[in-house]
Amino acid sequence: MTPNELRERFLKYFEERDHRVVPSSPVVPIGDPTLLFTNAGMNQFKDLLLGNEVRDYKRAASAQKCIRAGGKHNDLDEVGRDGRHLTFFEMLGNWSFGDYYKRDAIIWAWDFVTNEMKLDPSRLYVSVYKDDDEAHDIWANEVGLSTDRILRLGDVEQGDEENFWSMGPTGPCGPCTEMFFDFHPEEGPCEWVVGFDEHRLVEIWNLVFMEYNRDDEGTYTPLPQKGVDTGMGFDRAAMVLADTDNIFETELFLPIVRTTLELLGESTDQDWPAFFRGERFTNFAVIADHSRAVTFALVDGARFANEGRGSVLRSILRRAVRFGRQIGFEEPFVYRVSQAVVEHFGDIYPELREMGERAAELIRVEEERFFRTIDRGIELFDDVADKLVAAGTAEISGDVVFKLHATFGFPPDLTQVMAEERGLKLDWDGYRTAWAEHQETSKGKDMYADAAGVGDWITVSEGPSSEFVGYDRDSSSAVVRKFRSLKDDGRFEVILDRTPFYAESGGQVGDTGAILGAEFELRVENTQRGGMGCVHTCQLVRGVFDEATAPGPLNTRIDGKRRRLIESNHTATHLLHEALHHVVSEQAFQAGSLVAPDRLRFDFSHSEPVTDQQLQAIEARVNAFVVAGHAVVTHADVDRETAVSEMGATAIFGEKYGDTVRVVQIVDSPSVELCGGTHVANTAEIGVFRITSESGVAAGIRRIEAVSSAGAIEAYNQDRALVQELAALLRTEPKHLIDRTRSLSEERTELERRVDQLSQKLAAQDSGRIADDAEDVDGLKVIAKRIDVQTRDEMLNYADSLREKLGEGVVLLVAAIDDKPALLCLVTDDAFKTRGLKAGDLINQAAMHVGGRGGGRPTLAQAGGTDLAGMSAAVDSFSAIVRAALA
Ligand code: SER
């Protein structure tokens, strides 16, 4: 079973048991300030578990992207120490919200693990909470697990939270039962006593029985309804299935590790078991894990920063850079490893394809910064460490830790990793004192920025700055107020007295364009709103830009064509918002938007998917306003009260406005919104509007993506090209495509029926000959034969006719199907009842020759394998296997 198959099988298994399959929520939690990153599948169901929210389902299942770094559940320091811990991982889970409880949860988990994943029951152990007799008895009496495999753990009252799970300091919690897999059964029965042997056991699945809500004061209040929250570590389960004890040695990580090797110019043909137990294991593991974490976090909206979530992200990236520097990377590389992450996971998580490039760019910029100081930092660290080790002192002073952080960009947790490698400790208190003193005296001066080559702001002229003049024109004269150089390669941030450039806000992306002086030309690549005003990020493309040339009059010009497309999408977004209220619900509140030149995206609160019919109605309504050509008018400086109560403006919940607001109104339509963005003058300029997708992004949040104007025309052209290509492929006219497809599919059904008949006939004939060749083993007919078939169904046809012909006997059929060995074992009813032979046992022994395992009923079992060369050995060994089983 491949990792992708595992993910699918899991969701399907629970879907078949009436669970609603819910998409993963982003790793950056929406609207939960108690969480840094999504750390469990249950996060998006917190309110349901607490009973604060009710949905139209009581059972759910998901595969959830999680990050465990920097919060209550923090595995950052463990990555690369063993082959089992990750910061980013996927969690497979099933939930009950006041529906089923311990019994079903345990029985299904056991069934899934032993019958779907086919893990050997003798390699499984479980733990339960100290006094959870109910769970204990279900394992012992209903599953039938012997009690020396069930361990009682934990004692919350004594502060031991083993087997008592909670998401964070507050929130839903309860006792849990965990399943463990034994890596080394050859070492005999595992001593399953207090604490567990990490060399032998790894936890694969946790089943939490949600019973309480823990509040700020640590009080446990029973929940109005009990619930189930389970989490299987997907990556760990894939590891167990791949029969290794190193998570990096699975298909989830190998492609990333191969890319890392390629970037180093090394061969990707490695002896992997040795590689992952070798000297550089930690380096490759840290790079692979951290690249995944950083990429997924950025794609879901996190950003590098000095505090909070952004600083954890920064720390994760810098660790990866440092571990890469150690194995020979001399320039930014994580951003390229990140592209392998996008490549490898993009089909499962499409947001990677959408935002992956942007994430790579953010990583590159951040990496470049750190690469500029990393060597000097390492040098300082090594100097200090050498001296301490020589002097027999064990602690690195707080001042050094602080200097490494503030001047060279080494977060203290990274310094700690480096210190541990040398057997040293950090003086954390000293570090905190140094940091606090720095905050007092520096007045915000960023020492690290200087070291990284970011210059100080240089004031060129005094006076008011950043007046926006771009609502009705694309160019203007201006003067520079301040600028600073970003790097030595001609990049600058510039602040002007006034500007036609719209700085990214309210979802509308920033403008691009040019700033032209007498002696230089700057290309504006992006415009953002910063603390000092509108910041133009520029690349010098001609002349010299410095303190001498910056003063003096300038001309500025935005890329007008791009802005027109943005405006079309922005006004279209307002019409979409209005249509949603009209068609779907007055409660469909805006929860975020993106207005770019080529597309728009609109997130809103709504608990279920918007139907196709509703989408069509929305599109039609927007297009009606477009075709009718409504004027778009703006009212600047309206008193907020008046805007909302008299003009009926839709204020977006959670957005901040000043006392006076700007109102954008589409004349003769219900659309009136508070908005600072730029718009078309008349809806006719939108040309045409088209919805491209509708999806769920988080619990209760839907997303509509759409295009307008040139973007929509492009979409129509793509459709036409697709239809033409299809028609050419099916050798017909576009207008006959449907008839043609229908008749092809009927023909296909008919052909399948005939092939099936033929293969049954063939199997019947052939099996006559096969049956004649039966060998006699202790009075039992035994057949082992390689046959030439293409599918498992054909193989089953052989089995059916052999069963009829044989009377009493056993059969092993072996074939190569899709280039892989396929085995089938048949035991006739008599042979099962009177001789006690079981197809599952026989086939497992034969399958050893092809590196596989199997299972099924006592009278019919199937197995697969990986080694084609072992097929004849499987056939040859069979009569001996049967003889041994009879003995
Ligand atoms: N919330 C539990 C965990 O994360 C079970 O899903 O382990």
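Whatever order the structure lists ligands and atoms in, that order sets their numbers, starting from 1.
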>> For a quick check: using heavy atoms under 4.0 Å, what are the residues in contact with ligand 1, sorted by chain and number?
In response: Ala40, Met42, Arg68, Met91, Trp165, Asn206, Val208, Asp229, Thr230, Gly231
>> Just to verify, what does Ser291 make a side chain to side chain donor-acceptor pair (under 3.5 Å) with, not counting sequence neighbours?
In response: none
> In terms of side-chain geometry, is the basic nitrogen of Arg277 or Asp245 positioned less than 4.0 Å from the acidic oxygen of its partner?
Replying inline: yes
> Which salt bridge (Lys or Arg N to Asp or Glu O under 4.0 Å) pairs, counting each pair once, include a residue from residues 1-14, with sequence neighbours left out?
Replying inline: Arg7-Glu90, Arg9-Glu116, Lys12-Glu16
>> Suppose the criterion is ring pair (Phe, Tyr, Trp, His ring centres under 6.0 Å): which pairs have a residue in residues 46-84, not counting sequence neighbours?
In response: His73-Trp165
>> Quick check against the 3.5 Å criterion: does Asp82 have a side-chain atom that pairs as donor or acceptor with the backbone of His85?
In response: yes
> Are the charged groups of Arg318 and Glu366 less than 4.0 angstrom apart, N to O?
Replying inline: yes
